[in-house]
J.: 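There's a structure below that I have some questions on.
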Number of protein chains: 2
Amino acid sequence: MVTTQSDPMLRGDPYAADCPTRRILDRIGDRWTVLIVGVLGEGDARFSELRRRVCGVSQKMLTQTLRGLERDGLVRRTVHPEVPVRVEYALTEAGRTLLGPLRALQEWSIEHLSDVSAAQKAYDGAE
Amino acid sequence: MVTTQSDPMLRGDPYAADCPTRRILDRIGDRWTVLIVGVLGEGDARFSELRRRVCGVSQKMLTQTLRGLERDGLVRRTVHPEVPVRVEYALTEAGRTLLGPLRALQEWSIEHLSDVSAAQKAYDGAE
DNA sequence: CTGAATCCTACAGGATACTG
DNA sequence: CAGTATCCTGTAGGATTCAG
């Protein structure tokens, strides 16, 4: 037994290395996960479509990230056995619930980008 | 001029590599930023305190991350020139505005952790 | 078209030692 | 105490090639 006093796990504190927050951070930590979920939030998409829209992602990373999301039950992968195979990706129900928090972050970014840039400039200028 | 048609920058789309969302993601991308901001959200703290609370962070990473946050104007660093020097870190006004979105993510984590774990288990079991 | 497999490199980041 | 400076390593992740 580790410690049960007022369960730090449930408080979601960053203290414990196995806190759920960390698990998720490790997931969305890489830049691609968030971006891909964001795009899929606007509608289902196939592989090449995602690759085009998530500018800068390599084939390897796209595949890898999608696999991870699929494994986590956040994305559903559907293979259509047509002539040139067609694969569609879509957010699952759980995946869609992630859109809210992600959008909050996105809005914060847009809202504070100029402030942050200004702060950086000031900081750098003051050496 | 790149393109001004309905400004993708302001839409915050993940398409453009220089979209504001990406800038922020690169910032909070590393696991430590989020955790440190989280701790500071509960009150000011000094260096060694942060190091103790953010379990697992190395001295190097803590310093580095704090510098970055300071540069972004999200954290304020105050040096008290006492005998053994004392340094206090605190969220700035801007830094505090980040707490909301971060908490949303944290709550999502706690809420969906078991689902995600179950999905992983199922995925792995199904080869 | 959608990937899997391999190779290779840059850099994140830990460990360690030293300073004001 | 709160860092800075070095060294060293693992690995994320790009480029390339092959396959169903």
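Letters A, B, ... mirror the listed sequences (proteins, then strands); counts begin at 1.
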J.: Using rotation axes that map the C1' atoms of four end pairs onto the next four (five pairs an end), what angle separates the end axes of the helix from C:dC1-D:dG20 to C:dG20-D:dC1, to 10°?
T.: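 The end-segment axes of the helix from C:dC1-D:dG20 to C:dG20-D:dC1 are tilted 50° relative to each other.
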J.: Can you check whether B:Leu66 reaches B:Ile36 side chain to side chain, under 4.5 Å on heavy atoms?
T.: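 Contact flag for B:Leu66/B:Ile36 side chains = yes.
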J.: With sequence neighbours left out, what residues match B:Asp44 under salt bridge (Lys or Arg N to Asp or Glu O under 4.0 Å)?
T.: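 B:Asp44: no salt bridge (Lys or Arg N to Asp or Glu O under 4.0 Å) contacts found.
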J.: State which of C:dG14, C:dC1, D:dG14 makes the closest approach to the side chain of B:Trp32.
T.: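 Taking heavy atoms from C-beta onward, the closest nucleotide is C:dG14.
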J.: Please report the distance, rounded to the nearest Å, between CZ in B:Arg31 and P in C:dG13.
T.: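 In whole Å, C:dG13 P lies 7 Å from B:Arg31 CZ.
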J.: To the nearest Å, give me how far apart CD (B:Gln64) and P (C:dA12) are.
T.: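 The distance from CD of B:Gln64 to P of C:dA12 comes to 8 Å, rounded to the nearest Å.
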J.: Take the protein atom CG of A:Leu50 and the nucleotide atom P of C:dC1, then report the distance between them rounded to whole Å.
T.: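 Computing the A:Leu50:CG to C:dC1:P distance gives 14 Å.
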J.: Filter on salt bridge (Lys or Arg N to Asp or Glu O under 4.0 Å), then keep only pairs touching residues 72-81 of chain B, sequence neighbours left out; what's left?
T.: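 Sorted result for residues 72-81 of chain B: B:Arg27-B:Asp72.
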J.: Is there side-chain contact between A:Val87 and A:Arg46, with at least one heavy-atom pair below 4.5 Å?
T.: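 They are not in side-chain contact.
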J.: Hey, does B:Arg22 have a side-chain heavy atom less than 4.5 Å from the side chain of A:Leu35?
T.: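 Touching, per the 4.5 Å side-chain cut-off.
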J.: Output all residues satisfying side chain to side chain contact (heavy atoms under 4.5 Å, CB included) with A:Lys60, sequence neighbours left out; order by chain, then residue number.
T.: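 Only A:Ser58, A:Gln64 meet the side chain to side chain contact (heavy atoms under 4.5 Å, CB included) criterion with A:Lys60.
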J.: In whole angstrom, give the distance that lies between atom CD of B:Glu70 and atom C1' of D:dA2.
T.: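 Going from B:Glu70 (CD) to D:dA2 (C1'), I get 13 Å.
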J.: Heavy atoms under 4.0 Å is the rule here; annotate nucleotides 2-9 of chain C 5' to 3' with B where the base is hit, S where only the sugar-phosphate is, and - elsewhere.
T.: SBB--B--
J.: Can you tell me which residue pairs pass the salt bridge (Lys or Arg N to Asp or Glu O under 4.0 Å) test with a partner in residues 96-110 of chain B, sequence neighbours excluded?
T.: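 Found B:Glu93-B:Arg96.
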J.: Looking at CD of A:Gln59 and CZ of A:Phe47, how far apart are the two atoms once the value is rounded to the nearest 0.5 Å?
T.: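 Rounded to the nearest 0.5 Å, the CD-CZ separation comes to 5.0 Å.
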J.: Within this structure, what is the CD1-to-C1' distance between B:Ile36 and C:dG13, rounded to whole angstrom?
T.: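 My rounded result for the distance is 13 Å.
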J.: Could you state the atom-to-atom distance from CE of A:Met61 to P of D:dT11 in whole Å?
T.: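 After rounding, the reported distance stands at 14 Å.
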